[in-house]
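First listed ligand is number 1; within each ligand, the first listed atom is number 1. Counting begins at 1 with the first residue of the sequence.
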Amino acid sequence: MPQYRRMFLAKDDDIYDTRASCTRNCAFCAVAHNGPTPLDDGEPRRVAEAAEKLKLNYVVITSVTRDDLPDGGAEHFARTINAVRSKDPEIKIEVLVPDFKGNADALRTVADASPDVINHNLETIKRLYPDIRPQADYKRSLNLLKEAKNQNTRLYTKSGIMLGLGETKDEVISLMNDLRDVNCDILTIGQYIRPSKDQALVVEYIEPGVFSEYEDLGKSIGFKRVFSGPFVRSSYKAGEIYEF
Ligand code: SF4
């Protein structure tokens with residue numbers, strides 16, 4: 001059986017770092033905003049050691065958004081990919097990256113490290129960006145996925161969204177077509193759940209049958225994989241794109 005673990009780029013030996021602090025403030029997210037801390041040079045090595053100890057064959061590496069860093073943390077991603085692969089050349093690596101503020105060089109740094117999957121979540125439909133992702137830009141995120149594919153044609157690209165934030169069906173379908181227009185391979189669709197009373201309200205709980213409709217539609221328009229259901233999250237069954 002494939003094993004899945006989600007690792008945040010931790011400051012210490014904890015795999016799940018509750019102290020991660022983001023430079024952005026998305027309305028759905030409960031990550032802290034205590035101000036960014038300096039990068040930890042030892043982190044790539046420790047992530048690699050954790051993957052080795054856990055005997056993972058598929059690893060998802062992610063970070064908060066680091067708009068304070070000139071490269072948005074791209075080099076740190078690349079160092080972590082290289083460290084993990086140095087322990088196990090066969091391991092599959094997915095990176096869930098921020099938009100690097102559209103910095104093409106930063107994205108190239110990550111793509112050149114040859115992760116197997118570059119994931120960047122659109123999170124929601126275009127109209128809701130000012131309220132839900134105020135520091136992000138829908139087109140910029142789409143362009144990241146497009147450029148990731150252009151820079152390294154061997155990797156898969158992936159994105160994910162949450163439903164229940166006030167989007168319409170037509171808007172979801174439009175988003176799915178936008179993702180296919182940039183050759184996005186994999187799509188995850190899940191139900192938004194409010195982490196605490198400080199985050200955006202749930203506007204709607206989507207019927208399971210509607211998730212199934214999106215899954216069928218996604219497959220019909222060319223996604224290689226669509227994971228769509230109320231409990232689906234960005235890393236849900238991530239390794240299933242590969243045979244182990
Ligand atoms: S950029 Fe990511 S980590 Fe930061 S607030 Fe938004 S969703 Fe949370």
Side-chain angles (χ1 to χ4, degrees), residues 5-11 14-40 43 47 59-77 80 94-103 106-107 110 115 117-145 148 157-167 175 179 184 186-203 227 231-236 238:
R5 296 287 189 279
R6 182 165 175 155
M7 295 183 195
F8 287 85
L9 297 184
K11 176 70 178 169
D14 293 331
I15 293 172
Y16 295 93
D17 183 4
T18 56
R19 295 174 302 163
S21 184
C22 189
T23 50
R24 295 195 187 174
N25 197 1
C26 303
F28 58 85
C29 180
V31 167
H33 309 282
N34 301 325
T37 54
L39 291 179
D40 178 351
E43 190 171 51
V47 170
V59 59
V60 179
I61 301 168
T62 191
S63 76
V64 291
T65 296
R66 292 295 304 256
D67 287 335
D68 58 305
L69 301 172
D71 74 347
E75 184 63 35
H76 205 68
F77 266 105
T80 307
E94 174 177 329
V95 286
L96 172 56
V97 296
D99 65 17
F100 301 119
K101 290 199 283 190
N103 180 338
L107 176 62
V110 177
V117 179
I118 288 186
N119 184 359
H120 176 67
N121 288 331
L122 289 184
E123 309 287 9
T124 188
I125 53 98
K126 183 178 180 181
R127 175 178 55 83
L128 293 176
Y129 264 52
D131 291 331
I132 301 299
R133 296 186 78 197
Q135 295 119 317
D137 182 279
Y138 183 81
K139 279 193 176 166
R140 185 166 68 192
S141 285
L142 277 177
N143 197 51
L144 179 143
L145 292 161
T157 51
K158 174 176 175 180
S159 191
I161 58 169
M162 299 167 290
L163 302 185
L165 287 160
E167 70 290 328
L175 173 147
L179 284 172
C184 183
I186 308 165
L187 174 63
T188 59
I189 306 176
Q191 169 70 50
Y192 168 62
I193 305 289
R194 195 183 189 196
S196 83
K197 60 179 173 42
D198 296 328
Q199 279 75 44
L201 288 167
V202 176
V203 176
F227 300 100
F231 300 116
V232 168
R233 295 296 178 264
S234 183
S235 302
Y236 179 81

Should Val110 and Val95 count as side-chain neighbours, where that means a heavy-atom distance under 4.5 Å?
yes

Could you please tell me which protein N, O or S atoms lie under 2.8 Å from atom 6 (Fe) of ligand 1?
Cys26 SG

Is the shortest side-chain N to carboxylate O distance from Lys139 to Asp99 below 4.0 Å?
no

Would you say the side chain of Ile189 lies within less than 4.5 Å of the side chain of Leu187, judging by non-hydrogen atoms?
yes

Taking the side chain from Tyr138 and the backbone from Leu128, do they hold a donor-acceptor pair closer than 3.5 Å?
no

Decide, yes or no, whether a salt bridge links Asp68 with Arg66 under the criterion of side-chain N to carboxylate O below 4.0 Å.
yes

Salt bridge (Lys or Arg N to Asp or Glu O under 4.0 Å) for Lys126 and Asp137? Distances and angles first, verdict last.
CA-CA 8 Å; Lys126 183 178 180 181; Asp137 182 279; over 6 Å; no

